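The block underneath contains the structure these notes are about, expressed in structure tokens.
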Amino acid sequence: MSMGGGVGLMASMKFSVVTEKTFCSIPEANLGYHPDCGLSYILPRLSGRLGEYLGLTGATLKGKEVVAAGLATHFVPSQKLFQLEKSLLSINNGEEDTIRSVIDEFSTNVQIDERSVLSKLSIIDDCFSRETVEEILDSFEAEAGKKGNDWIMPVLKSIKKASPIGLKITLRSIREGRTQTLSECLRKEFRITMNTLRTIISNDLYEGIRAAIIDKDKSPKWNPSTLDKVHDEQLDLIFKPFEEHDLELQIPINEEEYCRWEGKYESSSYCLRTK
């Protein structure tokens, strides 16, 4: 299981192995929060609008889907994990090619069936490319009424239960991340986190945690309560750089910032589509 920030940590590894028992999701908006740990950099670089879909819906990807989406590098059947671990411990060096060859020996190619959400990317790209959360919902709801789109209804239900402000922050952060560097995304995410914890405009994070984890009543009282009550001026306060530079996340200068996901989503057949 890998959820939220754990997905960001998993995706940034040189090698990340999943099995048929693996699942991952990014449910932050359901808690009144936002994708962090570099996810605002990763998500917009997945195939088409898959990043917006995962961030806004909190939908779950399983095993082979995680690899096909580009969030992990290898799929290894769980019964082979012990042998894989034993083989990795037996190698005498930590060279990348050596490690890759060992993992490749135990991994299998992934095939995604038509029931997978990754087979619905044309619908996702169309709906989740809309400008606002409201327009995305309207478009997605219209698709739900078409034959063969029964899979959409439970996803819609999940979005509509999420924090309105969490949804709008998430969409804006992912959209901005499409043109930002990794360092810029990390600074932005830190800013959003600090302003969220300080309840600059809402206490939705604390309410989301209460409803999901503490009282477990699954009935959060969001504030603002609806999407139309979340205004751009409020979002600006969350994203605004701190007046004191020392409060910003301090990241060592790297003149040649590299892509930590090279060879992952770029090589996935599901991620070679036009972005």
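Remember, it's a predicted structure, so these values are computed and weren't measured experimentally.
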Distance-minimising heavy-atom pair for [X] and [Y]:
X	Y	answer
Phe239	Glu176	CD2-OE1, 3.7 Å
Phe75	Val67	N-CG2, 3.9 Å
Gly58	Ser25	O-CB, 3.5 Å
Lys14	Thr73	O-CG2, 3.7 Å
Leu71	Cys24	CD1-SG, 4.2 Å
Ile159	Phe128	CD1-CZ, 4.4 Å

[X] versus [Y]: any side-chain heavy-atom pair under 4.5 Å?
X	Y	answer
Arg191	Phe242	yes
Arg172	Asp236	yes
Asp113	Ser116	yes
Val7	Leu39	yes
Glu248	Pro241	yes
Phe140	Val155	yes
Ser40	Cys185	yes

Is it the case that over 12 heavy atoms from other parts of the model lie below 6.0 angstrom from the [atom1] atom of [X]?
X	atom1	value
Glu244	CD	no
Gln250	CD	yes
Glu114	CD	no

Would you call [X] and [Y] a salt bridge, using N to O less than 4.0 angstrom?
X	Y	answer
Glu65	Lys62	no
Lys168	Glu134	yes
Glu184	Lys188	no
Arg210	Glu207	yes
Glu52	Arg178	yes
Glu141	Lys160	yes

For the backbone of [Y] and the side chain of [X], can you confirm whether one donor and one acceptor N or O come within less than 3.5 Å of each other?
X	Y	answer
Ser139	Ile136	no
Asp204	Asn223	yes
Ser119	Arg115	no
Ser129	Asp126	yes
Ser183	Thr181	no
Thr22	Thr19	yes
Glu20	Ser78	yes
Gln83	Lys80	no
Arg130	Leu137	no

Joint cluster assignment, [X] & [Y], ILVMFWY side-chain distance < 4.5 Å:
X	Y	result
Val76	Ile99	yes
Leu56	Val230	no
Leu121	Ile174	yes
Met194	Leu186	yes
Leu205	Ile213	yes

To the nearest 0.5 Å, what is the distance between [atom1] on [X] and [atom2] on [Y]?
X	Y	atom1	atom2	result
Ile200	Ile192	CD1	CD1	12.5 Å
Asn149	Lys120	CG	NZ	7.0 Å
Thr196	Asn203	OG1	CG	11.0 Å
Tyr41	Ser173	OH	OG	14.0 Å
Ile201	Arg198	CD1	CZ	14.0 Å

Item to complete: Please assess Leu118 against Leu50 for the test side chain to side chain contact (heavy atoms under 4.5 Å, CB included), listing each intermediate value before the final yes or no.
Response: CA-CA 8 Å; Leu118 298 180; Leu50 180 60; 3.7 Å; yes
Worksheet item: Going by the angle between their ring planes, with limits at 30° and 60°, are Phe15 and His74 parallel, tilted or perpendicular?
Response: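 Plane angle between 30° and 60°, so tilted.
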Fill in: Intermediate values then yes/no, side chain to side chain contact (heavy atoms under 4.5 Å, CB included), Leu46 and Leu54
CA-CA 10 Å; Leu46 298 182; Leu54 294 175; 4.0 Å; yes
Discussion item. Under a 3.5 Å cutoff, is there a donor and acceptor pairing between the side chains of Thr226 and Asp228?
Written reply: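 Asp228 and Thr226 do have a side-chain donor-acceptor pair below 3.5 Å.
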Worksheet item: Any luck finding a side-chain donor-acceptor pair between Tyr33 and Thr193 under 3.5 Å?
Response: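 On atom types as modelled, these side chains qualify, holding a pair under 3.5 Å.
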Worksheet item: Of the options Leu156, Ile124, Ile123, which is the one that meets Glu143 in a side-chain contact (heavy atoms from CB on, under 4.5 Å)?
Response: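 Only one of Leu156, Ile124, Ile123 forms a side-chain contact (heavy atoms from CB on, under 4.5 Å) with Glu143, namely Ile123.
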Worksheet entry | Intermediate values then yes/no, side chain to side chain contact (heavy atoms under 4.5 Å, CB included), Lys64 and Gln111 | CA-CA 7 Å; Lys64 295 180 180 180; Gln111 296 293 329; 5.8 Å; no
Worksheet entry | Cationic tip of Arg49 above Tyr53 ring, under 6.0 Å, 45° of axis |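 No, a cation-pi geometry is absent between Arg49 and Tyr53.
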